[in-house]
Amino acid sequence: MSPTRRCHAHLVLLALVASVLLPSPAAAAVPEPPYEHTYERVLVSMRDGVELSADIWRPVVPEGQKVPVILTLTPYRALYRANDRQESTLPSITGSVARRYVPKGYAFVLADVRGTYNSGGCWSYGGKSEREDGYDLVEWFGTRDWSNGRVGMIGGSYDGTTANAAAVEQPPHLSTIVPISAISRWWGYAYHGGARVTYSGETADADPPSDTPTDFMFAYGFIPPPSPSAADDPARIAARWNPCDRVRQTLKGYSTQPDYDEFWQERDYLRHAPDIKVPALVAHGLLDSNVKSWEGTAWYQALGGPKRLVVGGWGHSVPLVTGWNQLLDRWFARWLMDVPNGVEDEPGVWVQQGTQGPRVQSSWGTGSVLRVPLAGDAFTYTDDGALTESEMIRGLGAGLRFTSVPVEVPAGVEVEGRPVLRLRARTNATSTHFVATLRAGQRVVGRGFLNARYADSLEQGQDLVPGVERSFPIELIDNDFRLQAGEKLELLLASSSTTWVAPDEQRSTNTLLLDGSFLELPLRGQ
């Protein structure tokens, strides 16, 4: 990634991680309300002796009154610091969260992920130590003499991922999490069906998966601690250049044949979700090409406690849904201040499409499934490893490098959830990829990728048997759309889409057996 593109990506990323509340143009012109708060920076010892740095902004309240804590555990503090020079003031770049909730009687804490900014230790790529750090921080802040014992975690992107990680460890003082555009399974962030995700599309993306883990090893993780006390502590500075686990993380994070082994299982929060009982308000954009929408929808579906899901037609950004700020106010009041406002009894899912307000419903992706057989002759092509989605959309190489297949469905069909393509095919190689792009008219409404060696199991890839016909399941990312009048559904089928995933290393010749393949479309429930 070029320096120019990386700079642009980080600026775009700040738009998400900087503010998890919707901006108000009217409020922006109004001077800040009068309030008092205190500020301090503390070092909190983790169970392994590593010290994590945390900045605390607390409202001034009557003596003896205790306050709840809103915690964000972030690796992006170096970026925040560049925008918030005066740390004692309520930070604007971490959003409106601090500015909105400290005056309402909440303490706000911004803590640095281990191995970044002012914290010690080595970055762990979402691993066990990061999960345990979340637990230890929650318990430390939940037991301060000024705390009411209730801690909520909130954040966007990585900052929301750490909330998911902490919830896995089930700290007793964690009262709620609000993960926004957050990862629930690191393997699912780095890989789609076993194919390595790259730039997430053909336009500049906010910190795309291809930058991870590089960013955290050689950017955030190498910046020396800024605290003046660290200047007298050579060990803390030297720790930034500690080899840590960087070699193993790089090999795992960029492997083109990523067996789902103990490394990825440790970073799979989703498999623990049914045991998580802490209330969760999950928000995710259905157009998020960075942290794919199913990271949020699957997390919501699997969680075992009180939960809400807010999804809609936005990308890797704040929830662009009518009423988000008010919902968040009520959510925090209920779970952090024990206000009996009934928010937990309301319908569990908001879906925002357009400007008419959210569609309110009881569940996500639980409707019936429409099974649509594909029609057409067998199509044989050779994967050149260079085809892009835009080339397919423009028809470049149609009938040679990819094929277009109409999907016959009733007019006005409404899709909600995760489509699955059951593709019958054969190959002359031991490894190949399959790509499925679903279009409704001119809109791309679904993408699916499969490293065919992982068609049967993620745990260990299996070489394909050349020439043997079989079915390959290709999951398309969760979405919500209605087929508009005059629109037709079509599938674009190929074996590479290089601006979304890295190509397979073998230049295979594949035959798609369309007669015998079918698409499963999850329909919107009533």
Side-chain angles (χ1 to χ4, degrees), residues 185-198 209-210 213 247-268 270-271 292 294 374 378-388 400-403 405 418 420-437 447-477 491-520:
R185 190 175 64 143
W186 278 96
W187 192 91
Y189 177 67
Y191 297 95
H192 183 142
R196 184 52 164 94
V197 178
T198 54
S210 57
V247 172
R248 179 169 176 256
Q249 290 170 351
T250 300
L251 292 174
K252 291 293 185 181
Y254 295 109
S255 171
T256 57
Q257 301 296 340
D259 288 356
Y260 194 73
D261 57 14
E262 70 284 351
F263 180 89
W264 295 112
Q265 292 170 18
E266 179 182 320
R267 292 156 175 82
D268 183 351
L270 185 60
R271 66 193 183 109
K292 309 302 184 290
W294 58 21
L374 302 188
F379 172 65
T380 300
Y381 63 100
T382 297
D383 176 24
D384 62 7
L387 185 64
T388 69
L400 295 174
R401 304 162 74 195
F402 75 95
T403 188
V405 183
R418 184 176 307 173
V420 179
L421 172 64
R422 311 286 179 180
L423 179 67
R424 294 203 67 81
R426 61 175 179 264
T427 180
N428 70 342
T430 58
S431 176
T432 191
H433 287 181
F434 291 111
V435 171
T437 303
R447 296 181 178 90
F449 309 96
L450 177 68
N451 178 340
R453 294 186 71 251
Y454 295 94
D456 294 324
S457 172
L458 302 182
E459 279 71 20
Q460 187 173 23
Q462 298 291 329
D463 284 350
L464 304 174
V465 180
V468 173
E469 174 188 328
R470 57 157 297 173
S471 179
F472 296 93
I474 304 172
E475 290 188 315
L476 280 64
I477 299 165
L491 273 170
L492 305 177
L493 302 176
S495 283
S496 60
S497 185
T498 58
T499 44
W500 288 100
V501 295
D504 189 74
E505 294 163 343
Q506 297 188 39
R507 302 278 76 84
S508 59
T509 296
N510 300 330
T511 298
L512 309 182
L513 304 164
L514 301 177
D515 186 11
S517 301
F518 58 92
L519 179 66
E520 296 174 345

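- The structure places CG of Leu514 at 6.0 Å from OG1 of Thr403, a figure rounded to the nearest 0.5 Å.
- The side-chain heavy atoms of His192 and Ile477, taken from C-beta on, include a pair separated by under 4.5 Å.
- In this structure Thr256 satisfies the side-chain contact (heavy atoms from CB on, under 4.5 Å) test together with Glu505, sequence neighbours excluded.
- You'll find the side chain of Asp384 reaches within 4.5 Å of the side chain of Ser496, heavy atoms only.
- No donor-acceptor contact under 3.5 angstrom links the side chains of Thr432 and Asp504, judged on distance only.
- Side-chain contact check for Thr430 versus Gln506: some heavy-atom pair is nearer than 4.5 Å.
- Distance check: Phe434 CZ to Ser508 OG gives 7.0 Å after rounding to the nearest 0.5 Å.
- To the nearest 0.5 Å, the span separating CZ on Arg424 from CG on Asp515 amounts to 10.5 Å.
- Contacts of Arg447 classified as salt bridge (charged side-chain N to carboxylate O under 4.0 Å, His left out), with partners at least two apart in sequence or in another chain: Glu389.
- Between the side chains of Asp268 and Tyr260, at least one donor N or O lies within less than 3.5 Å of an accepting N or O.
- Every residue two or more places apart in sequence or in another chain was checked for a ring-ring contact (aromatic ring centres under 6.0 Å, His included) with His433, and none qualifies.
- Both the sub-6.0 Å distance and the 45° axial angle are not jointly satisfied by Arg401 relative to the ring of Tyr381.
- Remark: Asp261 CG is packed, more than 12 non-hydrogen atoms of other residues, nucleotides or ligands lying under 6.0 Å away.
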Exercise for the section: Before giving the answer on side-chain contact (heavy atoms from CB on, under 4.5 Å), spell out for Thr498 and Leu387 the whole-Å C-alpha distance, their side-chain angles and the decisive distance to 0.1 Å. Expected result: CA-CA 6 Å; Thr498 58; Leu387 185 64; 5.9 Å; no
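- Under the 4.0 Å criterion applied to side-chain N and carboxylate O atoms, Arg470 and Asp456 are assigned as salt-bridge partners.
- For Phe263 and Trp187, the ring centers are positioned 6.0 Å apart or more.
- Side-chain polar atoms of Thr427 and Asn510 form a donor-acceptor pair below 3.5 angstrom.
- In this structure, CD on Glu262 lies 7.0 Å from CD on Gln265, to the nearest 0.5 angstrom.
- Thr382 and Thr509 are linked by a side-chain donor-acceptor pair at a separation below 3.5 angstrom, with hydrogens and angles left out of the test.
- A donor-acceptor contact closer than 3.5 angstrom is absent between the side chains of Ser457 and Gln462.
- Taking the ring centre of Tyr189 as origin, the terminal cationic atom of Arg185 falls outside the region bounded by 6.0 Å and 45° from the ring axis.
- Looking at heavy atoms from C-beta onward, Leu491 lies in side-chain contact with Leu374 at the 4.5 angstrom threshold.
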